[in-house]
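Below: the structure, in C-alpha coordinates.
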Number of protein chains: 2
Amino acid sequence: MGRPKTPLLSLARMASAALDIVDSDGLDGLSMRRLATVLGVQVASLYNHVKNKDQLLHEISNQIMAQVDVTGFHDGDWRTGVATWARSYRAALRAHPNMVPFLATGPARRETSLARADAVHGGLVAAGWPPRQATLIGASTKYLVIGAAMTSFARGFDDDVQVYVDRYPHLGQAHKLRAHADEIDDEAFELALLSFLDGLERQFTEVREAR
Amino acid sequence: MGRPKTPLLSLARMASAALDIVDSDGLDGLSMRRLATVLGVQVASLYNHVKNKDQLLHEISNQIMAQVDVTGFHDGDWRTGVATWARSYRAALRAHPNMVPFLATGPARRETSLARADAVHGGLVAAGWPPRQATLIGASTKYLVIGAAMTSFARGFDDDVQVYVDRYPHLGQAHKLRAHADEIDDEAFELALLSFLDGLERQFTEVREAR
DNA sequence: ACCTCCAAACGAACACTGTTCGCTAACATA
DNA sequence: TATGTTAGCGAACAGTGTTCGTTTGGAGGT
(Lines give C-alpha, C1' and ligand atoms only; values in the text may rest on other atoms or scores of the structure.)
Protein backbone atom coordinates (compact mmCIF):
# COMPACT_ATOMS: atom_id res chain seq x y z
CA MET A 1 0.00 0.00 0.00
CA GLY A 2 2.80 2.42 0.75
CA ARG A 3 2.51 5.85 2.18
CA PRO A 4 -0.94 7.45 1.81
CA LYS A 5 -1.44 10.91 0.27
CA THR A 6 -2.79 12.36 3.49
CA PRO A 7 -1.75 10.74 6.78
CA LEU A 8 -4.40 8.42 8.20
CA LEU A 9 -3.14 8.68 11.75
CA SER A 10 -1.98 11.28 14.20
CA LEU A 11 -0.96 11.08 17.84
CA ALA A 12 -3.97 13.15 18.87
CA ARG A 13 -6.41 10.99 16.93
CA MET A 14 -4.90 7.85 18.40
CA ALA A 15 -4.98 9.12 21.97
CA SER A 16 -8.54 10.29 21.59
CA ALA A 17 -9.78 7.00 20.14
CA ALA A 18 -7.84 5.05 22.74
CA LEU A 19 -9.38 7.06 25.56
CA ASP A 20 -12.83 6.38 24.14
CA ILE A 21 -12.15 2.66 24.26
CA VAL A 22 -10.80 2.82 27.79
CA ASP A 23 -13.77 4.88 28.93
CA SER A 24 -16.30 2.47 27.52
CA ASP A 25 -14.58 -0.89 27.95
CA GLY A 26 -11.97 -0.44 30.63
CA LEU A 27 -8.22 -0.51 30.57
CA ASP A 28 -8.17 -4.16 29.58
CA GLY A 29 -10.51 -3.42 26.72
CA LEU A 30 -7.83 -1.41 24.99
CA SER A 31 -5.65 -3.46 22.70
CA MET A 32 -3.47 -2.16 19.92
CA ARG A 33 -5.30 -4.31 17.42
CA ARG A 34 -8.67 -3.03 18.46
CA LEU A 35 -7.45 0.55 18.39
CA ALA A 36 -6.13 -0.05 14.90
CA THR A 37 -9.48 -1.46 13.80
CA VAL A 38 -11.35 1.53 15.18
CA LEU A 39 -8.99 3.84 13.31
CA GLY A 40 -9.37 1.82 10.12
CA VAL A 41 -5.73 0.85 9.98
CA GLN A 42 -3.38 -2.07 10.56
CA VAL A 43 -1.69 -2.64 13.92
CA ALA A 44 1.85 -2.06 12.79
CA SER A 45 0.97 1.42 11.57
CA LEU A 46 0.35 2.57 15.10
CA TYR A 47 3.99 2.11 15.93
CA ASN A 48 4.94 4.83 13.48
CA HIS A 49 3.41 7.35 15.87
CA VAL A 50 3.98 5.77 19.24
CA LYS A 51 6.90 3.84 20.63
CA ASN A 52 4.86 1.80 23.05
CA LYS A 53 1.41 1.09 24.30
CA ASP A 54 2.76 2.55 27.51
CA GLN A 55 3.67 5.78 25.79
CA LEU A 56 0.18 5.98 24.37
CA LEU A 57 -1.27 5.68 27.86
CA HIS A 58 1.07 8.39 29.10
CA GLU A 59 -0.13 10.58 26.27
CA ILE A 60 -3.70 10.13 27.42
CA SER A 61 -2.63 10.76 31.00
CA ASN A 62 -1.08 14.07 30.08
CA GLN A 63 -4.28 15.04 28.36
CA ILE A 64 -6.25 14.30 31.50
CA MET A 65 -3.82 15.96 33.87
CA ALA A 66 -4.02 19.13 31.80
CA GLN A 67 -7.54 19.59 33.16
CA VAL A 68 -6.24 20.05 36.68
CA ASP A 69 -6.56 23.62 37.89
CA VAL A 70 -3.75 25.14 39.96
CA THR A 71 -4.65 28.78 39.44
CA GLY A 72 -6.23 28.98 42.90
CA PHE A 73 -2.88 29.89 44.41
CA HIS A 74 -2.53 33.05 42.39
CA ASP A 75 -3.96 35.41 44.98
CA GLY A 76 -1.79 33.96 47.71
CA ASP A 77 -4.57 32.17 49.55
CA TRP A 78 -3.24 28.67 50.08
CA ARG A 79 -6.52 27.30 51.35
CA THR A 80 -8.51 28.00 48.22
CA GLY A 81 -5.45 27.01 46.23
CA VAL A 82 -5.37 23.54 47.71
CA ALA A 83 -9.15 23.21 47.60
CA THR A 84 -9.52 24.06 43.91
CA TRP A 85 -6.51 21.94 43.07
CA ALA A 86 -7.89 18.94 44.92
CA ARG A 87 -11.41 19.30 43.53
CA SER A 88 -10.40 19.78 39.93
CA TYR A 89 -7.86 16.96 40.27
CA ARG A 90 -10.55 14.62 41.50
CA ALA A 91 -13.00 15.78 38.86
CA ALA A 92 -10.47 15.11 36.12
CA LEU A 93 -9.92 11.58 37.38
CA ARG A 94 -13.61 10.86 37.91
CA ALA A 95 -14.27 11.84 34.31
CA HIS A 96 -12.19 8.83 33.24
CA PRO A 97 -12.33 6.36 36.10
CA ASN A 98 -10.88 3.51 34.08
CA MET A 99 -7.67 5.44 33.59
CA VAL A 100 -7.13 6.02 37.29
CA PRO A 101 -5.23 2.80 37.99
CA PHE A 102 -2.71 3.75 35.35
CA LEU A 103 -2.56 7.41 36.35
CA ALA A 104 -2.01 6.55 39.98
CA THR A 105 0.72 3.97 39.45
CA GLY A 106 4.29 4.59 38.68
CA PRO A 107 6.43 7.67 39.07
CA ALA A 108 4.97 11.08 38.38
CA ARG A 109 7.55 11.84 35.74
CA ARG A 110 4.93 13.05 33.32
CA GLU A 111 5.31 16.58 32.10
CA THR A 112 1.93 17.88 33.13
CA SER A 113 2.10 16.16 36.51
CA LEU A 114 5.39 17.81 37.29
CA ALA A 115 4.12 21.20 36.18
CA ARG A 116 1.18 20.85 38.56
CA ALA A 117 3.40 19.72 41.42
CA ASP A 118 5.63 22.71 40.80
CA ALA A 119 2.72 25.15 40.92
CA VAL A 120 1.31 23.65 44.09
CA HIS A 121 4.58 23.60 45.94
CA GLY A 122 5.40 27.13 44.83
CA GLY A 123 1.98 28.37 45.84
CA LEU A 124 2.21 26.91 49.31
CA VAL A 125 5.68 28.30 49.95
CA ALA A 126 4.67 31.72 48.63
CA ALA A 127 1.74 31.69 51.03
CA GLY A 128 4.09 31.23 53.96
CA TRP A 129 4.43 27.49 54.46
CA PRO A 130 7.90 26.11 55.15
CA PRO A 131 9.10 23.92 52.25
CA ARG A 132 8.93 20.77 54.29
CA GLN A 133 5.31 21.36 55.24
CA ALA A 134 4.49 22.27 51.66
CA THR A 135 5.80 18.90 50.56
CA LEU A 136 3.74 17.06 53.12
CA ILE A 137 0.59 18.96 52.24
CA GLY A 138 1.08 18.19 48.57
CA ALA A 139 1.55 14.53 49.34
CA SER A 140 -1.41 14.23 51.70
CA THR A 141 -3.74 15.96 49.29
CA LYS A 142 -2.63 13.74 46.46
CA TYR A 143 -3.27 10.68 48.61
CA LEU A 144 -6.79 11.80 49.26
CA VAL A 145 -7.56 12.57 45.64
CA ILE A 146 -6.07 9.38 44.27
CA GLY A 147 -7.78 7.28 46.89
CA ALA A 148 -11.13 8.92 46.29
CA ALA A 149 -10.86 8.47 42.54
CA MET A 150 -9.54 4.94 42.78
CA THR A 151 -12.05 3.51 45.14
CA SER A 152 -15.61 4.51 44.71
CA PHE A 153 -16.46 3.41 48.21
CA ALA A 154 -20.19 3.28 47.70
CA ARG A 155 -20.07 1.45 44.38
CA GLY A 156 -18.02 -1.25 46.05
CA PHE A 157 -21.11 -2.75 47.60
CA ASP A 158 -23.55 -5.13 46.07
CA ASP A 159 -27.15 -4.34 45.23
CA ASP A 160 -28.22 -7.69 46.55
CA VAL A 161 -29.29 -7.65 50.19
CA GLN A 162 -28.57 -11.32 50.68
CA VAL A 163 -24.88 -10.67 50.53
CA TYR A 164 -25.00 -8.83 53.84
CA VAL A 165 -27.96 -9.98 55.85
CA ASP A 166 -27.09 -12.41 58.65
CA ARG A 167 -23.41 -12.40 57.83
CA TYR A 168 -22.55 -8.78 58.53
CA PRO A 169 -24.94 -7.37 61.12
CA HIS A 170 -23.84 -3.76 60.74
CA LEU A 171 -24.06 -3.68 56.98
CA GLY A 172 -27.78 -4.26 56.77
CA GLN A 173 -28.32 -1.10 54.77
CA ALA A 174 -25.24 -1.48 52.63
CA HIS A 175 -27.11 -2.49 49.51
CA LYS A 176 -28.84 0.89 49.47
CA LEU A 177 -25.50 2.60 49.10
CA ARG A 178 -25.20 2.01 45.41
CA ALA A 179 -28.30 4.05 44.71
CA HIS A 180 -26.71 7.18 46.18
CA ALA A 181 -23.19 6.18 45.27
CA ASP A 182 -22.12 9.48 43.75
CA GLU A 183 -23.70 11.50 46.51
CA ILE A 184 -21.92 9.54 49.22
CA ASP A 185 -18.60 9.61 47.46
CA ASP A 186 -18.85 13.36 47.01
CA GLU A 187 -19.73 13.92 50.63
CA ALA A 188 -17.00 11.65 51.92
CA PHE A 189 -14.43 13.44 49.81
CA GLU A 190 -15.61 16.86 50.96
CA LEU A 191 -15.62 15.72 54.56
CA ALA A 192 -12.05 14.53 54.35
CA LEU A 193 -10.85 17.56 52.41
CA LEU A 194 -12.46 20.16 54.65
CA SER A 195 -11.42 18.58 57.90
CA PHE A 196 -7.92 18.23 56.52
CA LEU A 197 -7.85 21.92 55.61
CA ASP A 198 -9.18 22.84 59.03
CA GLY A 199 -6.42 20.86 60.63
CA LEU A 200 -3.86 22.62 58.46
CA GLU A 201 -5.31 26.02 59.30
CA ARG A 202 -4.63 25.47 62.98
CA GLN A 203 -1.13 24.32 62.20
CA PHE A 204 -0.59 27.35 59.99
CA THR A 205 -1.39 29.87 62.71
CA GLU A 206 1.12 28.08 64.94
CA VAL A 207 3.74 28.46 62.24
CA ARG A 208 3.03 32.16 61.87
CA GLU A 209 3.11 32.82 65.60
CA ALA A 210 6.42 31.01 65.93
CA ARG A 211 8.11 33.65 63.82
CA MET B 1 1.86 -39.18 34.61
CA GLY B 2 -1.49 -39.40 36.35
CA ARG B 3 -2.23 -38.47 39.90
CA PRO B 4 0.79 -38.26 42.22
CA LYS B 5 0.94 -40.13 45.53
CA THR B 6 1.12 -36.95 47.57
CA PRO B 7 -0.42 -33.78 46.10
CA LEU B 8 2.17 -31.45 44.63
CA LEU B 9 -0.02 -28.37 44.90
CA SER B 10 -2.29 -26.67 47.37
CA LEU B 11 -4.14 -23.37 47.26
CA ALA B 12 -2.02 -22.01 50.08
CA ARG B 13 1.25 -22.98 48.41
CA MET B 14 0.10 -21.43 45.17
CA ALA B 15 -1.02 -18.18 46.76
CA SER B 16 2.19 -17.91 48.71
CA ALA B 17 4.42 -18.49 45.69
CA ALA B 18 2.33 -16.15 43.58
CA LEU B 19 2.64 -13.40 46.17
CA ASP B 20 6.39 -13.86 46.20
CA ILE B 21 6.49 -13.33 42.45
CA VAL B 22 4.27 -10.26 42.64
CA ASP B 23 6.36 -8.81 45.45
CA SER B 24 9.61 -9.21 43.60
CA ASP B 25 8.58 -8.69 39.98
CA GLY B 26 5.34 -6.76 40.04
CA LEU B 27 1.82 -7.65 39.09
CA ASP B 28 2.79 -8.05 35.44
CA GLY B 29 5.59 -10.39 36.43
CA LEU B 30 3.08 -12.99 37.56
CA SER B 31 2.05 -15.37 34.84
CA MET B 32 0.45 -18.73 35.30
CA ARG B 33 3.26 -20.39 33.41
CA ARG B 34 5.90 -18.81 35.57
CA LEU B 35 4.03 -19.70 38.72
CA ALA B 36 3.82 -23.28 37.49
CA THR B 37 7.56 -23.34 36.82
CA VAL B 38 8.34 -22.06 40.30
CA LEU B 39 6.13 -24.76 41.77
CA GLY B 40 7.74 -27.44 39.60
CA VAL B 41 4.55 -28.23 37.79
CA GLN B 42 2.79 -27.76 34.44
CA VAL B 43 0.46 -24.82 33.81
CA ALA B 44 -2.72 -26.79 33.40
CA SER B 45 -2.33 -28.34 36.84
CA LEU B 46 -2.88 -24.97 38.47
CA TYR B 47 -6.44 -24.92 37.20
CA ASN B 48 -7.28 -27.93 39.35
CA HIS B 49 -6.99 -25.68 42.39
CA VAL B 50 -8.07 -22.33 41.05
CA LYS B 51 -10.78 -21.37 38.61
CA ASN B 52 -9.05 -18.25 37.40
CA LYS B 53 -5.99 -16.14 37.67
CA ASP B 54 -8.37 -13.58 39.06
CA GLN B 55 -9.47 -15.95 41.80
CA LEU B 56 -5.86 -16.55 42.69
CA LEU B 57 -5.33 -12.81 43.11
CA HIS B 58 -8.42 -12.57 45.27
CA GLU B 59 -7.02 -15.37 47.40
CA ILE B 60 -3.86 -13.37 47.94
CA SER B 61 -5.92 -10.27 48.64
CA ASN B 62 -7.84 -12.01 51.36
CA GLN B 63 -4.59 -13.10 52.91
CA ILE B 64 -3.36 -9.50 52.98
CA MET B 65 -6.62 -8.02 54.23
CA ALA B 66 -6.57 -10.46 57.12
CA GLN B 67 -3.69 -8.44 58.54
CA VAL B 68 -5.91 -5.40 59.03
CA ASP B 69 -6.66 -4.72 62.66
CA VAL B 70 -10.14 -3.56 63.65
CA THR B 71 -9.93 -4.45 67.33
CA GLY B 72 -9.33 -0.81 68.25
CA PHE B 73 -13.06 -0.21 68.45
CA HIS B 74 -13.57 -2.73 71.23
CA ASP B 75 -13.37 -0.30 74.11
CA GLY B 76 -15.79 2.12 72.45
CA ASP B 77 -13.21 4.77 71.61
CA TRP B 78 -13.87 5.54 67.96
CA ARG B 79 -10.78 7.67 67.56
CA THR B 80 -8.28 4.98 68.39
CA GLY B 81 -10.49 2.55 66.49
CA VAL B 82 -10.18 4.51 63.28
CA ALA B 83 -6.52 5.26 63.88
CA THR B 84 -5.43 1.67 64.41
CA TRP B 85 -7.63 0.52 61.54
CA ALA B 86 -6.13 3.07 59.18
CA ARG B 87 -2.55 2.44 60.24
CA SER B 88 -2.72 -1.33 60.10
CA TYR B 89 -4.60 -1.11 56.80
CA ARG B 90 -1.89 1.03 55.31
CA ALA B 91 0.85 -1.16 56.77
CA ALA B 92 -0.72 -4.25 55.22
CA LEU B 93 -0.79 -2.61 51.82
CA ARG B 94 2.70 -1.18 52.08
CA ALA B 95 4.01 -4.65 52.81
CA HIS B 96 2.93 -5.67 49.31
CA PRO B 97 2.86 -2.48 47.24
CA ASN B 98 2.59 -4.30 43.92
CA MET B 99 -0.71 -5.80 44.97
CA VAL B 100 -2.29 -2.45 45.78
CA PRO B 101 -3.58 -1.70 42.27
CA PHE B 102 -5.49 -4.97 42.33
CA LEU B 103 -6.66 -4.59 45.90
CA ALA B 104 -7.90 -1.09 45.31
CA THR B 105 -9.78 -1.79 42.10
CA GLY B 106 -13.12 -3.40 41.76
CA PRO B 107 -15.88 -3.94 44.25
CA ALA B 108 -15.03 -4.86 47.81
CA ARG B 109 -16.97 -8.10 47.66
CA ARG B 110 -14.15 -10.04 49.25
CA GLU B 111 -14.95 -11.82 52.45
CA THR B 112 -12.28 -10.30 54.60
CA SER B 113 -12.90 -6.81 53.23
CA LEU B 114 -16.57 -7.01 54.11
CA ALA B 115 -15.81 -8.33 57.56
CA ARG B 116 -13.54 -5.33 58.17
CA ALA B 117 -16.11 -2.89 56.83
CA ASP B 118 -18.69 -4.43 59.11
CA ALA B 119 -16.51 -4.06 62.18
CA VAL B 120 -15.61 -0.46 61.40
CA HIS B 121 -19.17 0.62 60.73
CA GLY B 122 -20.40 -1.17 63.82
CA GLY B 123 -17.69 0.36 65.95
CA LEU B 124 -18.46 3.88 64.83
CA VAL B 125 -22.19 3.52 65.39
CA ALA B 126 -21.63 1.95 68.80
CA ALA B 127 -19.45 4.91 69.74
CA GLY B 128 -22.30 7.27 69.00
CA TRP B 129 -21.95 8.28 65.37
CA PRO B 130 -25.10 8.41 63.27
CA PRO B 131 -25.06 5.69 60.58
CA ARG B 132 -24.74 8.20 57.78
CA GLN B 133 -21.66 9.80 59.34
CA ALA B 134 -20.21 6.39 60.05
CA THR B 135 -20.47 5.57 56.37
CA LEU B 136 -18.76 8.78 55.37
CA ILE B 137 -15.96 8.30 57.87
CA GLY B 138 -15.37 4.77 56.64
CA ALA B 139 -15.22 6.00 53.07
CA SER B 140 -12.93 8.95 53.76
CA THR B 141 -10.50 6.86 55.74
CA LYS B 142 -10.38 4.24 53.04
CA TYR B 143 -9.64 6.93 50.47
CA LEU B 144 -6.71 8.14 52.48
CA VAL B 145 -5.28 4.68 53.04
CA ILE B 146 -5.67 3.54 49.45
CA GLY B 147 -4.23 6.77 48.12
CA ALA B 148 -1.28 6.66 50.47
CA ALA B 149 -0.52 3.05 49.58
CA MET B 150 -1.06 3.54 45.88
CA THR B 151 1.03 6.60 45.37
CA SER B 152 4.28 6.81 47.17
CA PHE B 153 4.49 10.54 46.66
CA ALA B 154 8.14 10.87 47.45
CA ARG B 155 9.24 7.92 45.34
CA GLY B 156 7.50 9.49 42.40
CA PHE B 157 10.37 11.88 41.86
CA ASP B 158 13.57 11.27 40.04
CA ASP B 159 16.99 11.12 41.60
CA ASP B 160 18.42 13.13 38.77
CA VAL B 161 18.54 16.86 39.39
CA GLN B 162 18.51 17.74 35.73
CA VAL B 163 14.92 16.69 35.46
CA TYR B 164 13.85 19.61 37.58
CA VAL B 165 16.42 22.36 37.39
CA ASP B 166 15.45 25.27 35.13
CA ARG B 167 12.17 23.72 34.14
CA TYR B 168 10.37 23.65 37.46
CA PRO B 169 11.69 26.45 39.68
CA HIS B 170 9.96 25.30 42.85
CA LEU B 171 11.07 21.71 42.61
CA GLY B 172 14.76 22.41 42.95
CA GLN B 173 15.06 20.11 45.93
CA ALA B 174 12.78 17.44 44.59
CA HIS B 175 15.52 14.97 43.77
CA LYS B 176 16.43 14.81 47.43
CA LEU B 177 13.00 13.46 48.23
CA ARG B 178 13.75 9.93 47.22
CA ALA B 179 16.40 9.60 49.86
CA HIS B 180 13.84 10.17 52.62
CA ALA B 181 10.97 8.70 50.69
CA ASP B 182 9.62 6.49 53.44
CA GLU B 183 10.01 9.17 56.07
CA ILE B 184 8.07 11.70 54.02
CA ASP B 185 5.35 9.27 53.09
CA ASP B 186 4.90 8.32 56.72
CA GLU B 187 4.71 11.91 57.85
CA ALA B 188 2.31 12.92 55.11
CA PHE B 189 0.02 10.05 55.99
CA GLU B 190 0.11 10.88 59.68
CA LEU B 191 -0.51 14.55 58.95
CA ALA B 192 -3.59 13.75 56.91
CA LEU B 193 -4.89 11.15 59.34
CA LEU B 194 -4.47 13.25 62.46
CA SER B 195 -5.91 16.42 61.02
CA PHE B 196 -8.81 14.38 59.68
CA LEU B 197 -9.45 12.91 63.13
CA ASP B 198 -9.23 16.36 64.69
CA GLY B 199 -11.82 17.61 62.26
CA LEU B 200 -14.08 14.68 63.13
CA GLU B 201 -13.65 15.27 66.83
CA ARG B 202 -15.06 18.79 66.50
CA GLN B 203 -17.94 17.45 64.47
CA PHE B 204 -18.56 14.71 67.04
CA THR B 205 -19.00 17.12 69.93
CA GLU B 206 -21.56 19.00 67.83
CA VAL B 207 -23.43 15.77 67.28
CA ARG B 208 -23.48 14.98 71.00
CA GLU B 209 -24.61 18.46 71.99
CA ALA B 210 -27.45 18.30 69.48
CA ARG B 211 -29.05 15.47 71.43
C1' DA C 1 14.25 17.30 -13.15
C1' DC C 2 16.73 13.87 -10.65
C1' DC C 3 18.29 11.69 -6.62
C1' DT C 4 18.11 10.87 -1.91
C1' DC C 5 16.11 10.40 2.48
C1' DC C 6 12.42 10.09 5.59
C1' DA C 7 7.58 9.05 6.87
C1' DA C 8 3.67 6.26 7.02
C1' DA C 9 1.24 2.75 5.56
C1' DC C 10 1.18 -2.74 5.26
C1' DG C 11 1.64 -8.12 5.95
C1' DA C 12 3.82 -11.62 8.33
C1' DA C 13 5.94 -13.29 12.02
C1' DC C 14 7.66 -14.01 17.11
C1' DA C 15 7.21 -14.81 21.82
C1' DC C 16 4.15 -14.54 25.15
C1' DT C 17 -0.41 -14.57 27.67
C1' DG C 18 -4.83 -17.05 30.06
C1' DT C 19 -7.57 -20.91 29.45
C1' DT C 20 -9.68 -25.46 27.82
C1' DC C 21 -9.58 -30.05 26.20
C1' DG C 22 -8.78 -35.04 26.49
C1' DC C 23 -5.91 -38.39 28.74
C1' DT C 24 -4.00 -40.99 32.65
C1' DA C 25 -3.25 -42.73 37.17
C1' DA C 26 -4.01 -42.70 42.11
C1' DC C 27 -7.01 -42.23 45.93
C1' DA C 28 -11.88 -42.49 48.38
C1' DT C 29 -16.10 -44.60 48.85
C1' DA C 30 -19.86 -47.80 48.24
C1' DT D 1 -14.15 -55.10 43.55
C1' DA D 2 -16.24 -51.50 40.88
C1' DT D 3 -17.00 -46.48 40.44
C1' DG D 4 -16.27 -41.86 40.56
C1' DT D 5 -13.48 -38.07 41.78
C1' DT D 6 -8.99 -35.78 42.02
C1' DA D 7 -4.69 -34.05 40.39
C1' DG D 8 -1.34 -34.45 37.58
C1' DC D 9 0.19 -33.86 32.18
C1' DG D 10 0.61 -32.40 26.94
C1' DA D 11 -1.25 -30.04 23.27
C1' DA D 12 -3.87 -26.71 21.44
C1' DC D 13 -6.60 -22.11 20.80
C1' DA D 14 -7.38 -17.36 20.61
C1' DG D 15 -5.57 -13.27 21.94
C1' DT D 16 -1.75 -10.00 23.36
C1' DG D 17 2.42 -6.39 22.41
C1' DT D 18 6.01 -5.77 19.40
C1' DT D 19 9.46 -6.11 15.43
C1' DC D 20 10.87 -6.93 10.88
C1' DG D 21 11.23 -6.05 6.00
C1' DT D 22 8.70 -3.99 2.21
C1' DT D 23 6.31 -0.57 -0.32
C1' DT D 24 5.27 3.97 -1.64
C1' DG D 25 4.29 8.93 -1.24
C1' DG D 26 6.26 13.40 -0.39
C1' DA D 27 10.07 16.95 0.94
C1' DG D 28 14.70 18.93 0.24
C1' DG D 29 19.07 19.51 -2.03
C1' DT D 30 22.02 19.80 -6.16
Side-chain angles (χ1 to χ4, degrees), chain A residues 1-62 98-99 101-103 105-106 110, chain B residues 1-62 98-99 101-103 105-106 110:
Chain A
M1 171 184 185
R3 185 179 183 176
K5 315 194 173 185
T6 70
L8 304 179
L9 293 176
S10 76
L11 193 67
R13 226 167 78 77
M14 284 175 55
S16 164
L19 182 53
D20 284 348
I21 295 178
V22 171
D23 280 343
S24 58
D25 284 19
L27 213 48
D28 292 341
L30 174 67
S31 79
M32 297 304 268
R33 279 175 174 83
R34 180 167 172 200
L35 177 59
T37 306
V38 166
L39 293 170
V41 120
Q42 294 301 107
V43 207
S45 311
L46 301 177
Y47 289 85
N48 286 321
H49 301 261
V50 164
K51 189 179 160 249
N52 258 344
K53 183 182 182 180
D54 222 56
Q55 195 192 96
L56 177 63
L57 290 172
H58 279 294
E59 191 65 33
I60 300 173
S61 303
N62 273 327
N98 295 336
M99 277 297 296
F102 180 85
L103 275 156
T105 341
R110 278 182 292 268
Chain B
M1 169 183 184
R3 187 178 185 179
K5 315 193 174 186
T6 70
L8 304 180
L9 293 175
S10 76
L11 193 65
R13 227 168 76 76
M14 283 176 56
S16 164
L19 182 53
D20 284 348
I21 295 178
V22 171
D23 280 343
S24 57
D25 284 18
L27 213 48
D28 291 342
L30 175 66
S31 79
M32 297 304 267
R33 278 175 175 82
R34 181 167 172 200
L35 176 60
T37 306
V38 166
L39 293 169
V41 119
Q42 294 301 107
V43 208
S45 309
L46 301 178
Y47 289 85
N48 286 321
H49 302 260
V50 165
K51 188 179 160 247
N52 258 344
K53 183 182 182 180
D54 221 57
Q55 195 193 97
L56 177 63
L57 290 172
H58 279 295
E59 192 64 33
I60 299 174
S61 303
N62 273 326
N98 295 336
M99 278 297 296
F102 181 85
L103 275 156
T105 339
R110 277 181 292 268

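FYI, side chains are in, hydrogens and waters are out, and symmetry mates aren't considered; it's all heavy atoms of this structure. So that the names make sense, note that chain A is the first sequence line, chain B the second, and so on, each numbered from 1. Since this is a predicted model, take the numbers as computed values, not measurements.
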Item to check | Rounded distance [0.5 Å steps], CE in Met32(B) versus CE in Met14(B) | outcome: 5.5 Å

Next on the checklist: Distance check needed: dA9(C) P versus Leu9(A) CG, whole Å only.
Outcome noted: 4 Å

Checklist entry - Whole Å only: how far is the NZ atom of Lys53(B) from the P atom of dT17(C)? => result 9 Å

Checklist entry - Between the base of dA9(C) and the side chain of Asn48(A), is there a donor-acceptor distance below 3.5 Å? => result yes

Checklist entry - Between Lys51(A) and Gly29(A), who's closer to the 5' end of DNA chain D by nearest nucleotide? => result Gly29(A)

Checklist entry - So, is Asn52(A) near the phosphate of dG17(D), with a side-chain N or O under 4.0 Å from OP1 or OP2? => result no

Checklist entry - How long is the span from the NE2 atom in His49(A) to the CD atom in Glu59(A), to the nearest 0.5 Å? => result 12.5 Å

Checklist entry - Is any side-chain heavy atom of Leu39(B) less than 4.5 Å from a side-chain heavy atom of Leu46(B)? => result yes

Checklist entry - Checking all strands, does Val41(A) fall into the base, sugar-phosphate, or nothing category for heavy-atom contacts under 4.0 angstrom? => result sugar-phosphate

Checklist entry - How many angstroms lie between CD1 in Ile60(B) and CD in Gln55(B), if you round to the nearest 0.5 Å? => result 11.5 Å

Item to check | Separation between CG of Leu30(A) and NZ of Lys53(A), rounded to the nearest 0.5 Å | outcome: 5.0 Å

Next on the checklist: Any side-chain to backbone donor/acceptor pair from Asn98(A) onto Leu27(A)? Under 3.5 Å, distance only.
Outcome noted: no

Next on the checklist: Rounded to whole Å, please give me the gap between CG in Leu39(A) and P in dA8(C).
Outcome noted: 15 Å

Checklist entry - Where the side chain of Gln42(A) is concerned, which of dG11(C), dC9(D), dA9(C) is the nearest nucleotide? => result dG11(C)

Checklist entry - Whole-Å distance between dC10(C) C1' and His49(A) NE2? => result 12 Å

Checklist entry - What is the distance, rounded to the nearest whole Å, between atom OH of Tyr47(A) and atom P of dG11(C)? => result 17 Å

Checklist outcome for this item: To the nearest angstrom, the CG-P distance between Leu27(A) and dT16(D) comes to 14 Å

Next on the checklist: Check whether Ser16(A) reaches the backbone of Ala12(A) with its side chain - one donor and one acceptor, N or O, closer than 3.5 Å.
Outcome noted: no

Checklist entry - Which angle, rounded to 10°, do you find between the first-five-pair axis and the last-five-pair axis of the helix from dA1(C)-dT30(D) to dA30(C)-dT1(D)? => result 10°

Checklist entry - With the sugar-phosphate defined as primed atoms, P, OP1 and OP2, and the base as all remaining atoms, what B/S/- string results for nucleotides 24-30 of chain C, 5' to 3', for protein heavy atoms under 4.0 Å? => result BBBB---

Checklist outcome for this item: Of the listed dC9(D), dG18(C), dT18(D), the closest approach to the Ser45(B) side chain comes from dC9(D)

Next on the checklist: Heavy atoms only, 4.0 Å cut-off, all strands: where does Leu46(B) land among base, sugar-phosphate and nothing?
Outcome noted: nothing

Item to check | Shortest non-hydrogen contact between Met99(B) and Ser61(B), atoms and distance | outcome: CE-OG, 3.7 Å

Checklist entry - When only distance counts, do a donor and an acceptor, one from the side chain of Arg33(B) and one from the base of dG18(C), lie under 3.5 Å apart? => result yes

Checklist outcome for this item: Winner on side-chain proximity to Ser31(B), out of dG18(C), dG17(D), dA8(C), is dG18(C)

Checklist entry - Which residue, Leu11(A), Leu57(A), Leu9(A), Leu35(A), forms the side chain to side chain contact (heavy atoms under 4.5 Å, CB included) with Val50(A)? => result Leu11(A)

Next on the checklist: Nearest heavy atom decides the nucleotide; on that basis, is Arg34(B) or Ser10(A) closer to the 5' end of DNA chain C?
Outcome noted: Ser10(A)

Next on the checklist: Under 4.0 Å, counting only non-hydrogen atoms across every strand here, what does Leu30(B) touch: a base, just sugar-phosphate, or nothing?
Outcome noted: sugar-phosphate

